[in-house]
Structure formats: structure tokens, C-alpha cells
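Reviewing the structure listed below.
Ligands are counted one by one from 1 in listed order, and the atoms in each one are counted from 1 as well. Any value given below was found using the heavy atoms of this structure, including those in side chains, with hydrogens, waters and symmetry copies removed. Residue numbers count from 1 along this sequence.
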Amino acid sequence: MAGEAQPDCLFCKIVSGDVPATIVRETDSTVAFRDINPQAPTHVLVIPKVHYPDAATLAAAEPQVLADVLRETGEVAGAEEIDGTGYRVVFNTGAGAGQTVFHAHAHVLGGRGMQWPPG
Ligand code: 5GP
Ligand code: ZN
């Protein structure tokens, strides 16, 4: 069935609790946890509990859950107090763009200045 947990997926294992993570927020449809290799003073990943390989695939299959993920990026930014200065939400999509975990996730990055265009 579309969206079901994949046994070899790291983020499905974080959802199930089989792999530990520093969880900062959780809802019925999402989990937010600190990135293990932070690229900014605040670097939190927001993931859907359902498994889809990237954000666009999630959007096509379960648009409400993608909306939940985006709403949670804002909740994380507020809780981390980076909403005042600004923050970046990134969905790396495809290996060529730096995606390494093929379970949809939003990076929430803040607490330092940001360059544009990104590297
Ligand atoms: P991607 O490169 O796919 O856009 O993002 C995957 C992110 O997951 C990376 O920023 C990486 O540091 C993070 N990551 C990889 N393995 C783990 C882990 O076991 N725990 C946590 N909390 N983050 C991880
Ligand atoms: Zn997964």
C-alpha cells in the first residue's frame, strides 16, 4: 500500500522508535527531530510518518500530509525562535541535489545568515 513503512528506511525507523532521535515535536502525521549533522545553529528535520521517497511524491499522493509537514516547519521555527530573523525550508530532491535519505523530509535551518543562491 502506498505510504507504508519500508523496512530498510532510516526515517521509518525513527518514526517507529527503532532508531533513536532527538524529537522536538510530534503530531498525528509528522515527527520533527534534530539533524545528526547540523548545518546551522538550528537544523531540524520534519518528516511525514508515512513513507514517500520525496516531497513531490508525497504531495501527489497525500497533499494534506505535505501541508501538515509545512505547517510543522513553521511551528518548529517558532519554538526555536528563528522565525523573527528568518529561516530556510529545504527539500533536497534527488541524489544530484544532495538527497541522501529517500523518505520525504523538510530541513528547517536557521540561527545564522543564509546565502542565495544556495550551494
Ligand atoms: P538529505 O541529505 O536526504 O536532504 O537529508 C538527510 C539528513 O538526514 C542529513 O542532513 C543527515 O545529516 C540526516 N541524518 C542522516 N542520518 C541521520 C540519523 O541517524 N539521525 C538524524 N537525526 N539525522 C540523520
Ligand atoms: Zn521511510
* ligand 1 contact by A21, heavy-atom criterion under 4.0 angstrom -> no

* Verify same cluster id: M114, Y87 (apolar side-chain graph, 4.5 Å) -> no

* Which bit of V19 gets closer than 4.0 Å to ligand 1, counting heavy atoms only: side chain, backbone, both or neither? -> neither

* Structure fact -> To atom 10 (O) of ligand 1, the nearest of N92, L109, D35 on a heavy-atom basis is D35

* Taking only heavy atoms of N37, which atoms of ligand 1 are found under 4.0 Å from at least one of them? -> 12 (O)

* Asked: For ligand 1, is there an N or O atom under 3.5 Å from any N or O atom of V101?
  -> yes

* Structure fact -> At under 4.0 Å between heavy atoms, what of F102 touches ligand 1? The answer is neither

* **Atom nearest to the Zn ion (ligand 2) - H51, N, O or S atoms considered** => ND1

* Protein heavy atom at shortest distance from atom 23 (N) of ligand 1 -> I36 N, 3.3 Å

* Asked: Taking it one step at a time, do R25 and E80 satisfy salt bridge (Lys or Arg N to Asp or Glu O under 4.0 Å)?
  -> CA-CA 11 Å; R25 287 183 56 83; E80 298 284 321; over 6 Å; no

* Asked: Where's the contact between F11 and ligand 1, heavy-atom distance under 4.0 Å: side chain, backbone, both or neither?
  -> side chain

* Structure fact -> In this structure, the Zn ion (ligand 2) sits at the vertex of an angle between ND1 of H103 and SG of C12 that rounds to 10° as 110°

* Structure fact -> Ranked by distance from atom 19 (O) of ligand 1, the top protein heavy atom is L10 CD2, 3.7 Å

* Structure fact -> Closest to atom 3 (O) of ligand 1 among protein heavy atoms sits T100 N, 2.7 Å

* Looking only at atom types and distance, does a side-chain atom of R88 sit under 3.5 Å from a main-chain N or O of H107, one as donor and one as acceptor? -> no

* State if H107 counts as touching ligand 1 under the rule of any non-hydrogen atom under 4.0 Å. => yes

* **Closest protein heavy atom to atom 5 (O) of ligand 1, given as residue, atom name and distance to 0.1 Å** => H105 NE2, 3.0 Å

* Asked: Do you know which two heavy atoms are closest between H43 and P38, and how far apart they sit?
  -> ND1-CA, 3.5 Å

* Structure fact -> Nearest heavy-atom approach of I47 to V69 is C-CG2, 4.2 Å

* To do: Show your working on side-chain contact (heavy atoms from CB on, under 4.5 Å) between F91 and L70 and close with a plain yes or no.
  => CA-CA 11 Å; F91 292 96; L70 278 174; 4.1 Å; yes

* Among all protein heavy atoms, pick the one closest to atom 22 (N) of ligand 1 and tell me residue, atom and distance. => R34 O, 2.9 Å

* What's the verdict on ring-ring contact (aromatic ring centres under 6.0 Å, His included) for H105 and H103, showing C-alpha distance, side-chain angles and the deciding distance? -> CA-CA 6 Å; H105 54 278; H103 177 129; 7.9 Å; no

* Asked: Does one hydrophobic cluster hold both I14 and V46, with members joined at side-chain heavy-atom distances below 4.5 Å?
  -> no

* To do: For E81, look at atom CD and say whether over 12 heavy atoms of other residues, nucleotides or ligands are found less than 6.0 Å away.
  => no

* Near G98, which atoms of ligand 1 are under 4.0 Å from a heavy atom of that residue? -> 1 (P), 2 (O), 4 (O)

* To do: Please say which of V65, L66, L58 ends up in a side chain to side chain contact (heavy atoms under 4.5 Å, CB included) with Y52.
  => L58

